[in-house]
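Indexing begins at 1, ligand by ligand and atom by atom, following the structure's order. FYI, the numbering just counts along the sequence from 1.
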Amino acid sequence: MKQADIKGKWALVTGASRGIGRQVSLGLADYGCNVILHSRDLAHTGLLAAALSAKGVEVRQISAELGEPDQVETMLTQLLNEGPNVDILYNNAAIQIGYREDWLNVPTEEIRKSFEVNCTALIRICHRLIPGMIQRGWGRVINVTSGVKDQPQLIAYAVSKAAVDKFVLDTAEHLKDKGVLMNLMDPGWLRTDLGGSNAPGSVESVLPGALVPVLIDDGTVAKLFHAQDWAGKEI
Ligand SMILES: NC(=O)c1ccc[n+]([C@@H]2O[C@H](COP(=O)([O-])OP(=O)(O)OC[C@H]3O[C@@H](n4cnc5c(N)ncnc54)[C@H](OP(=O)(O)O)[C@@H]3O)[C@@H](O)[C@H]2O)c1
């Protein structure tokens with residue numbers, strides 16, 4: 001695969017403190033990419049920041065509760081005013097609020113919150129950071145989706161991810177000729193706080209596949225990348 005050189009570029013990884021976002025951040029740093037680590041509290045990314053610095057890359061930490069539009073806005077304004085410029089946006093953070101056996105009684109609030117964190121905030125972050133990528137003529141946007149299906153017990157989560165898929169399908173083609181490649185990444189079912197302990201895959205197996213939509217340099221857009229296709233392989 002012809003790979004983009006991401007050494008010295010800046011990536012924003014949302015939900016970087018644990019699980020898949022943590023792996024993606026470590027993987028990016030191994031390519032010499034500087035990383036902005038997002039979580040809800042700066043304390044959550046302190047140890048990871050030190051680990052990435054030890055790899056010789058630059059690191060910043062930012063925080064925002066993605067379910068609070070004001071916090072998302074404040075975080076983005078601070079980032080746009082103070083830098084660094086974001087070249088790679090890895091929208092990874094998400095919530096999955098429980099498993100509803102009584103799935104015909106999902107509270108409206110659960111659907112609203114899932115959309116706010118998993119989809120609305122993601123779109124807002126894209127819309128604020130992509131103009132800078134267009135201006136600089138280069139960008140990568142990876143939106144993390146899910147293969148969840150046929151589980152009405154997880155419907156709030158599932159429909160919020162389906163909306164992310166639709167956002168990418170309708171947006172990506174319009175960015176392609178501007179040097180910005182937007183794609184989707186499905187990590188597979190992995191043992192994380194969100195995935196639970198019964199998941200078949202280790203969180204480490206998300207690498208190196210999760211980095212493929214970052215490293216592509218062939219104009220691919222609106223594609224769903226399955227990280228597990230590269231598990232145990234080299235890219
Ligand atoms: N694990 C799986 O099997 C699986 C399967 C398919 C798709 N995915 C997707 O992969 C992505 C990462 O999942 P994961 O399993 O790594 O999740 P995780 O282990 O639960 O980690 C979630 C991350 O998101 C952040 N986060 C959670 N709620 C937030 C909120 N309200 N506002 C801001 N940040 C918030 C957390 O930061 P804090 O430190 O602040 O809590 C944490 O860094 C998600 O998009 C998920 O839908 C996962």
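- Other residues sharing the hydrophobic cluster of Leu104, ordered by chain and number and joined by side-chain separations under 4.5 Å: Trp103.
- For Lys55 and Asp30, the salt-bridge test passes: some basic side-chain N is under 4.0 Å from an acidic carboxylate O.
- With sequence neighbours excluded, the residues forming a side chain to side chain donor-acceptor pair (under 3.5 Å) with Asn105 are Asp102, listed by chain and number.
- Between the side chains of Thr14 and Asn92, no donor-acceptor pair of N or O atoms lies under 3.5 Å.
- Among protein residues, Gly15, Ala16, Ser17, Arg18, Gly19, Ile20, His38, Ser39, Arg40, His44, Ala64, Glu65, Leu66, Asn92, Ala93, Ala94, Ile95, Val117, Val144, Thr145, Ser146, Tyr157, Lys161, Pro187, Gly188, Trp189, Leu190, Thr192, Asp193, Leu194, Gly195 come within 4.0 Å of ligand 1, judged on heavy atoms.
- Cation-pi contact between Lys178 and Trp138: absent, since separation from the ring centre below 6.0 Å together with deviation from the ring axis within 45° is not met.
- Residue pairs meeting the ring-ring contact (aromatic ring centres under 6.0 Å, His included) criterion with at least one partner in residues 164-221, sequence neighbours excluded, are His127-Phe167.
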